[in-house]
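For reference, the structure discussed in these notes is given below.
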Amino acid sequence: MLAAAAVAGARLGEHLGADPALAVLVVGALGAGGSLFAGQGPARLTIATIAVLLVATATMQRALDGQEHSPLAHATSTRAAARITATLTGDPDGERYYAEVLARVDRIGGRSAGHRTVLVTAGGDAAQRLRLLESGDEIEVSGWLQPLTGYDRRLRWRHAVAALDAVELTSFEPAR
C-alpha cells in the first residue's frame with residue numbers, strides 16, 4: 001500500500017509540475033511522524049499512506065523545480081555556447097564517431113553550476129577522445145547547451161537538466 005502511494009505521489013507531483021512544495025512536504029513529514037504515534041490498525045496505515053503520498057508528491061515537484069530553475073536553465077533555453085568543467089558520472093558510451101555520457105557540471109564559464117547533471121554528446125575527434133575516459137574523470141569541454149529532446153528526455157529521471165553538444169574536449173584529469 002505504501003509503495004503504491006509513493007508511485008501515485010510521484011506521478012501526481014509530475015502532473016502538478018515544478019514547485020518548491022515546501023508546505024506539502026512539511027505536512028507529509030508531520031503525517032509520517034504522526035503515524036508513528038497513531039495506534040495499531042487501519043488508522044495508522046491510512047495516515048502513513050497519505051503521508052507517503054504527500055512526501056512523494058512534494059519530492060517530485062521539488063525535483064522538477066530544481067531542474068527548471070537550475071543555473072543552466074537560461075543558457076539551455078537560448079542554446080548558448082558554453083565551456084564547462086564537469087565530472088563524468090559514468091563511462092562514455094557510443095560508436096566509433098559518436099559518444100555520450102552523463103556528467104555533473106561543477107562550473108560553467110567560470111561560474112558555479114550548482115552540480116547539475118548534463119548529457120554530454122560528441123562527434124568526430126571529440127567523441128574519440130571522450131570515449132577513452134571513464135567514470136570519475138574531470139573534463140573541460142566546450143560546445144552548445146540545449147534542452148533534452150526525444151528519447152534523451154528519459155534522462156530527467158537521472159536528474160539531467162540539459163544536453164551539451166561538445167565540440168572540443170580541452171582538458172581532463174583522471175579520477176583520484
Side-chain angles (χ1 to χ4, degrees), residues 6-22 25 55-176:
V7 170
R11 296 292 293 165
L12 178 61
E14 186 175 34
H15 175 73
L16 293 174
D19 192 299
L22 186 59
L25 184 62
V55 169
T57 300
T59 302
M60 177 58 79
Q61 286 188 282
R62 292 174 64 80
L64 293 172
D65 188 63
Q67 288 180 337
E68 191 172 296
H69 297 104
S70 79
L72 303 175
H74 178 70
T76 300
S77 66
T78 60
R79 299 175 190 265
R83 179 178 298 269
I84 65 167
T85 303
T87 304
L88 302 183
T89 62
D91 291 339
D93 190 26
E95 301 166 2
R96 186 172 182 182
Y97 294 107
Y98 176 79
E100 68 179 24
V101 64
L102 287 175
R104 188 183 65 247
V105 180
D106 300 317
R107 305 192 66 72
I108 178 171
R111 299 182 327 268
S112 174
H115 300 290
R116 301 298 187 197
T117 301
V118 298
L119 173 65
V120 177
T121 61
D125 290 339
Q128 290 177 344
R129 283 180 277 180
L130 187 62
R131 288 187 56 228
L132 297 174
L133 304 178
E134 57 188 26
S135 182
D137 289 349
E138 187 174 291
I139 62 170
E140 185 174 301
V141 63
S142 60
W144 285 270
L145 283 167
Q146 57 190 341
L148 294 167
T149 59
Y151 187 66
D152 291 337
R153 292 190 68 201
R154 78 193 188 288
L155 296 171
R156 292 182 314 146
W157 286 95
R158 295 187 60 196
H159 305 283
V161 298
L164 179 84
D165 186 17
V167 174
E168 181 181 15
L169 176 64
T170 53
S171 68
F172 80 95
E173 281 189 39
R176 297 168 200 193

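Between Val101 and the choices Val120, Leu133, Asp93, the side chain to side chain contact (heavy atoms under 4.5 Å, CB included) rule is met once, by Val120.
Taken from CG in Asp137 to OG1 in Thr89, the straight-line distance is 11.5 Å, to the nearest 0.5 Å. For the atom pair Leu64 CG and Thr59 OG1, the distance stands at 11.0 Å (nearest 0.5 Å). One distance of note links CZ of Arg154 with CG of Leu119; it measures 8.0 Å at 0.5 Å rounding. Taking CG of Leu72 as the reference point, atom CG of Leu145 lies at 6.0 Å (rounded to 0.5 Å). With rounding to the nearest 0.5 Å, the separation of CZ in Arg116 from OG1 in Thr76 is 11.0 Å.
With hydrogens and angles disregarded, no donor-acceptor distance shorter than 3.5 Å links the side chain of Ser70 to the backbone of Gly66. For the pair Thr57 (side chain) and Gly9 (backbone), a donor-acceptor distance under 3.5 Å is present.
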Begin from the C-alpha positions of Val161 and Val105 and carry the test side chain to side chain contact (heavy atoms under 4.5 Å, CB included) through to its verdict. CA-CA 10 Å; Val161 298; Val105 180; over 6 Å; no
Apply the test side chain to side chain contact (heavy atoms under 4.5 Å, CB included) to residues His115 and Asp106: give CA-CA distance (whole Å), side-chain angles for both, the deciding distance (0.1 Å), then the verdict. CA-CA 5 Å; His115 300 290; Asp106 300 317; 3.0 Å; yes
In sequence, state the C-alpha distance, the side-chain angles, and the governing distance for Asp19 and Asp65, and then conclude on side chain to side chain contact (heavy atoms under 4.5 Å, CB included). CA-CA 5 Å; Asp19 192 299; Asp65 188 63; 5.6 Å; no
List the steps, then state whether side chain to side chain contact (heavy atoms under 4.5 Å, CB included) holds for Gln61 with Leu12. CA-CA 9 Å; Gln61 286 188 282; Leu12 178 61; over 6 Å; no
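Looking at Tyr97 and Glu95, their side chains never bring a donor and an acceptor atom within 3.5 Å of each other.
Of all the heavy atoms in Thr170 and Val141, the pair that sits closest is OG1-N, 4.1 Å. Closest of all the heavy-atom pairs between Ala126 and Val167 is CB-O, 3.6 Å. The minimum heavy-atom distance linking Arg131 with Pro92 is given by the pair CA-CB, 4.0 Å. Between Ala56 and Ala6, the shortest heavy-atom contact is CB-O, 3.4 Å. Heavy-atom minimum distance, Glu140 versus Thr85: OE1-OG1, 3.9 Å. The heavy-atom pair separating Gly143 from Leu164 by the smallest distance is C-CD1, 3.9 Å.
In this structure, Gln146 and Asp165 have side chains that are in contact, with non-hydrogen atoms separated by less than 4.5 Å. Side chains of Leu25 and Val55 form a contact here, defined as non-hydrogen atoms less than 4.5 Å apart. Side-chain contact between Arg79 and Pro147: present, with at least one pair of heavy atoms (C-beta onward) separated by less than 4.5 Å. Within the 4.5 Å cutoff, the side chain of Arg62 has heavy atoms near those of the Leu22 side chain.
The number of heavy-atom neighbours closer than 6.0 Å to CZ of Phe172, taken from other residues, nucleotides and ligands shown, is 12 or below.
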